[in-house]
Amino acid sequence: MGTLNLSTSHSPGSHTHPNSKKKKQLHQIKALKLVTVMQQNASTSTSSLRDLGPSGVDLSSALFKPIRNSVPPLASNRCTKISVVGVGNVGMAIAQTILTQDLADEIALVDSKPDKLRGEMLDLQHAAAFLPRTKITASVDYDVTAGSDLCIVTAGARQNPGESRLNLLQRNVALFRHIIPPLAKASPDSILIIVSNPVDVLTYVAWKLSGFPVNRVLGSGTNLDSSRFRFLIADHLDVNAQDVQAFIVGEHGDSSVALWSSISVGGIPVLSFLEKQQIAYEKQTLEDIHQSVVGSAYEVIGLKGYTSWAIGYSVANLARTILRDQRKIHPVTVLARGFYGVDGGDVFLSLPALLGRNGVVAVTNVHMTDEESEKLQKSAKTILEMQSQLEL
Ligand SMILES: NC(=O)C1=CN([C@@H]2O[C@H](COP(=O)(O)OP(=O)(O)OC[C@H]3O[C@@H](n4cnc5c(N)ncnc54)[C@H](O)[C@@H]3O)[C@@H](O)[C@H]2O)C=CC1
Ligand SMILES: CC(=O)C(=O)O
């Protein structure tokens, strides 16, 4: 087997005959080709100097001299690892946002399509010179995800233009039976974030299939819808969306509920302020804004075929809150039974939840009008009906 030894071929002061130099170059090219083939065959790989010396020379030890008496890192200095299952539009938008925001030391990618998977891994690795150092691995085998702090599941069918998220249920439940058990086995202490649709029912499915405690299984839920809501209100008022506090709760989908009674802009509780000041507002305008939120995904899917960037930022934002123990409040899919009058079964839907390093810490006791809580209970019923079709 050929050995690539750059240090010998470029050693200063070595006088070699032009023919033997040529032979050496040919030898190097052969070795390089061999390395490329080896890398292509490997199911998991990251490129490193060590890989360039397949049968002998460790180039790292030729380039660097270890310091004396060093001790291995403490167990508490371990790296942060995030796994992303599904490297389609959504998985890759999430992975690349996590990468650019420096949220992990290692990102492991899993998909059922090996070529697509390796292509995506290499494409991200090739940006190494412009990004914080992050190890990127990929495999069709869940062993690559072992020891993850956070596992994000985006694998599965997506909506065709005009199709409801709920239509995807049976197809994606079948996939989850193959995805969740090995994922949970490889990282038994991790937190699971479900993104695949219909996200609320699939979060329930993931909870059942993983056997994880309920605080460690959540869905991206209406974190995205609430961002769309905040964007539309901010656009209406010509202010920064980050100054708008507003929640969409319930199903991530058609039966979602806009909590108008609790929105505030720059600390001003908007509706009660208008009422106190006797300033009239059109209820229809509020309804239209909510309908725009509900229609957002349909519109984007109709235009570009899928949604990706906003969900990428939404999930990276959740990853930051959890892994950095930010204890921020996000509207995400959680077990809602017993909150706000939701009953009838173990239904998962979005409520404003306090998130930290242990996952879901608590559900926020936000004010809701009777009308809002009735709509929330109706949304819960829609999801429970879907759940009742499943045998888990
Ligand atoms: N919760 C949310 O807010 C959002 C959810 N979504 C959902 O995310 C999901 C993914 O959407 P896209 O990335 O656009 O779809 P996509 O078709 O681009 O990617 C799906 C990926 O899943 C992979 N996959 C399929 N079966 C698999 C298996 N058994 N194991 C591992 N990987 C498997 C496919 O090979 C593909 O790479 C859909 O269900 C979509 O509805 C999309 C946007 C927002
Ligand atoms: C596809 C989807 O669920 C969304 O963009 O909201």
Side-chain angles (χ1 to χ4, degrees), residues 83-97 108-121 138-142 144-145 151-183 186 192-203 205-206 209 218-229 231 248 250-256 292-318 330-333 348-350:
S83 291
V84 179
V85 182
V87 297
N89 308 301
V90 174
M92 289 315 293
I94 293 170
Q96 91 94 27
T97 313
L109 305 173
V110 178
D111 200 283
S112 53
K113 292 183 188 149
D115 287 351
K116 160 98 172 139
L117 184 59
R118 183 168 168 76
E120 292 293 4
M121 177 191 76
S139 177
V140 292
D141 190 326
Y142 283 85
V144 77
T145 65
C151 297
I152 300 165
V153 183
T154 76
R158 64 178 138 92
Q159 298 150 265
N160 290 315
E163 190 181 17
S164 155
R165 295 171 181 88
L166 295 176
N167 245 14
L168 306 169
L169 183 62
Q170 297 301 346
R171 275 171 283 168
N172 286 345
V173 169
L175 294 184
F176 267 41
R177 289 186 194 276
H178 297 285
I179 293 172
I180 302 297
L183 189 63
L192 282 180
I193 299 184
I194 306 305
V195 183
S196 315
N197 273 320
V199 66
D200 305 296
V201 188
L202 289 180
T203 305
V205 171
L209 293 175
L218 61 140
S220 60
T222 56
N223 201 45
L224 172 56
D225 314 52
S226 299
S227 174
R228 289 171 174 150
F229 192 35
F231 160 72
I248 299 278
E251 183 200 0
H252 168 63
D254 303 347
S255 72
S256 71
S292 288
V293 173
V294 173
S296 293
Y298 291 109
E299 185 179 6
V300 177
I301 291 168
L303 292 167
K304 65 175 240 190
Y306 55 88
T307 63
S308 56
W309 302 123
I311 185 65
Y313 281 99
S314 167
V315 176
N317 195 237
L318 297 177
H330 294 267
V332 285
T333 307
F348 277 69
L349 49 72
S350 282

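We count ligands from 1, going down the list as the structure has it; atoms in each ligand are counted the same way.
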Can you tell me which residue and heavy atom of the protein come closest to [atom], and the distance to 0.1 Å?
atom                    : value
atom 1 (C) of ligand 2  : Q159 OE1, 3.3 Å
atom 5 (O) of ligand 2  : T307 OG1, 2.7 Å
atom 15 (O) of ligand 1 : R158 NE, 3.3 Å
atom 19 (O) of ligand 1 : G88 CA, 3.2 Å
atom 22 (O) of ligand 1 : G156 N, 3.3 Å
atom 11 (O) of ligand 1 : V90 CG2, 3.6 Å

Say whether D225 and H252, considering side chains only, have a donor N or O and an acceptor N or O under 3.5 Å apart. yes
Under the rule for ring-ring contact (aromatic ring centres under 6.0 Å, His included), what residues qualify as partners of F229, not counting sequence neighbours?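 F229 satisfies ring-ring contact (aromatic ring centres under 6.0 Å, His included) with W260 only.
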Atom pair CE (M121) and CG (D111), whose distance is rounded to the nearest 0.5 Å: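 Between atom CE of M121 and atom CG of D111 there are 13.0 Å.
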Can you tell me how far apart CG (L202) and CZ (F176) are? Round to the nearest 0.5 Å. 4.5 Å
If the cut-off is 4.0 Å to any non-hydrogen atom of N197, which atoms of ligand 2 fall inside it? 1 (C), 2 (C), 3 (O)
For R228, atoms of ligand 2 separated by under 4.0 Å from a heavy atom: 4 (C), 5 (O), 6 (O)
Select one of side chain, backbone, both or neither to describe which atoms of L224 lie under 4.0 Å from any atom of ligand 2, heavy atoms only. side chain
Please work out whether any backbone atom (N, CA, C, O) or any side-chain heavy atom from C-beta onward of E299 is under 4.0 Å from ligand 2, and answer side chain, backbone, both or neither.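 Neither part.
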Counterpart residues, salt bridge (charged side-chain N to carboxylate O under 4.0 Å, His left out), relative to R177 (two or more places apart): none
Are any of the heavy atoms in N172 under 4.0 Å away from ligand 1? yes
Any non-hydrogen atom of K113 lying under 4.0 Å from ligand 1? yes
Is [X] touching ligand 1 with its side chain, its backbone, both, or neither, if touching means heavy atoms under 4.0 Å apart?
X    : value
H178 : neither
I311 : side chain
D111 : both
A157 : backbone

Identity of the nearest option to atom 30 (N) of ligand 1, non-hydrogen atoms only, from I179, V153, T154, V110: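 Looking at heavy atoms only, the winner is I179.
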Among Q170, E163, R171, which one satisfies side-chain hydrogen bond (donor to acceptor under 3.5 Å, both in side chains) with N167?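 That would be E163; it is the only one of Q170, E163, R171 passing the side-chain hydrogen bond (donor to acceptor under 3.5 Å, both in side chains) with N167.
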